[in-house]
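Here the structure comes first, spelled out in structure tokens, and everything after it is commentary.
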Number of protein chains: 2
Amino acid sequence: MTVPPGRRERKKAATRQRIADTALRLFLDRGYDAVGIRDVAAEADVAVTTVFSHFASKEALVFEQDEDFEQRLVRAVTDRAPHEPFLPALRREVRAMVRHCTGDDAAPIWRMVDASPALRQYEESMRLRHAESLAVAVAADLGLARTTTACRAMARFVADAHALAREADDPDTAVDEVFRMIEAAWDAARPFGAPSGTAGS
Amino acid sequence: MTVPPGRRERKKAATRQRIADTALRLFLDRGYDAVGIRDVAAEADVAVTTVFSHFASKEALVFEQDEDFEQRLVRAVTDRAPHEPFLPALRREVRAMVRHCTGDDAAPIWRMVDASPALRQYEESMRLRHAESLAVAVAADLGLARTTTACRAMARFVADAHALAREADDPDTAVDEVFRMIEAAWDAARPFGAPSGTAGS
DNA sequence: AACGTAACACTAACGGTTAGTGTTTCGGAA
DNA sequence: TTCCGAAACACTAACCGTTAGTGTTACGTT
């Protein structure tokens, strides 16, 4: 992770990035559906199979930073200030992520996503993966042996918050609104004794 | 809807049912991935295109009663007893739906679904559609002009409840647990004045 | 310098899905 | 009753995402 990467890994990363950039450019130019994998491969000057060795599917070309988002959610919990409840930390992170999505530079991408059923579906399944990771992280943070139903529900609610806010007219307000609901839900769920305003979670 | 259906419509429904039954039988026999659309079409004695004129995708063959489930959710709200809050009604309905999924006769189907990523993804996107319909129904029930963020969040939470409970060790308890969270979330969301125990919602 | 491995290329195919083009069958209007 | 239009259905042929199989390079390592 911290060792200097060799030429091989640099080349691999470069190829991956070239493919992703090419794909995104073509998608935005001609439309997602109008561009085939063969087009992307030709334009990036690689073989079709090489595309699929770097990306699991055509949709994954668009959500290139998938894992970054997942890590951000998990780290918002694990790396938060000591004694801070995790929900406010999550709220901040979700708000930042939504802001990033609705920013001017990313807006064309998300307009494309909204226009394509396949991409929307992929986005949702991605979000579910993130929610599962978040549930695991929260359960671990609480010292639970396994991810309880309450943890998983809360994590899904957070994912829902992201999805709803991204589409809302006023994303910031939507995040706050849904997170108020989530905080109440979490308070109602936990048999952990302490109310949400105090330490422990 | 209530007029006696003509021969044409009966034939169409019969063909649809024959295709669905054949598909499900083959899927359970040989496995979802091992059965192709061409196999289903041949066994049901129809053309491949006919299959796709009745079902939008291969996955839709498995979730044949998709719209039934959607209607049940919506009707749980619209047809509930007067003055009853809608959340308890929804909870009953979700509990019944989960019971039906985990029943002995339906169990093989859901085992197949759990084994196939494609089917799981389809199930989730189906659930999102149901959630949207539910959000619209609830907004209408509350006399709102449009589906607010709170309504949509709550509807997604209900969908999450279904998803989580279906996979939980103890489905009934899981439904109760998540619905306790949802009731608290809803109470926190609404600026409607009345608490959840009273009339109005 | 030689070896093992991982990235990449190429062909060919598989399977879901659709377009295009008829053909039959039925319900309703004339 | 007769005819017309629409809808169900069939058939071919493809498109496109995806993968298996098989090499071929290029790199890190010993």
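The structure presented is a predicted model; accordingly, all values stated were derived computationally and were not measured. By convention in this document, chain letters (A, B, ...) are assigned in the order of the sequence lines, proteins followed by strands, and residues within each chain are numbered from 1.
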Steps toward salt bridge (Lys or Arg N to Asp or Glu O under 4.0 Å) verdict (R156(B), E124(A))
CA-CA 12 Å; R156(B) 277 185 179 241; E124(A) 288 297 339; 3.6 Å; yes
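Close placement of the F86(A) and W186(A) rings is indicated, their centers lying within 6.0 Å of each other.
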When you check every protein heavy atom under 4.0 Å of nucleotides 7-17 of chain C, what one-letter string (B, S, -) results, 5' to 3'?
SSBBB-B-SBB
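Of the candidates H100(B), Q65(B), E93(B), E93(B) is the only one forming a side-chain hydrogen bond (donor to acceptor under 3.5 Å, both in side chains) with R72(B). A side-chain hydrogen bond (donor to acceptor under 3.5 Å, both in side chains) with T173(B) is found for one member of D170(B), D169(B), D176(B) and no other, namely D170(B).
The salt bridge (charged side-chain N to carboxylate O under 4.0 Å, His left out) check on E132(A) picks up R152(A), with sequence neighbours excluded.
The interatomic distance linking R10(B) (CZ) with dA8(D) (P) rounds to 15 Å, in whole Å. Put simply, CG on D39(A) is 8 Å from P on dC16(D), counting in whole angstrom units.
In this structure, K58(A) is positioned above the aromatic face of Y32(A), its NZ or CZ under 6.0 Å from the six-membered ring centre and within 45° of the axis.
Within residues 62-70 of chain B, no residue has a heavy atom under 4.0 Å from DNA chain C.
Defined by atom type and a distance below 3.5 Å, a donor-acceptor pair is missing between the side-chain atoms of E43(A) and T22(A).
S116(B) places no side-chain N or O within donor-acceptor distance of the main-chain N or O of V113(B), the cut-off being under 3.5 Å.
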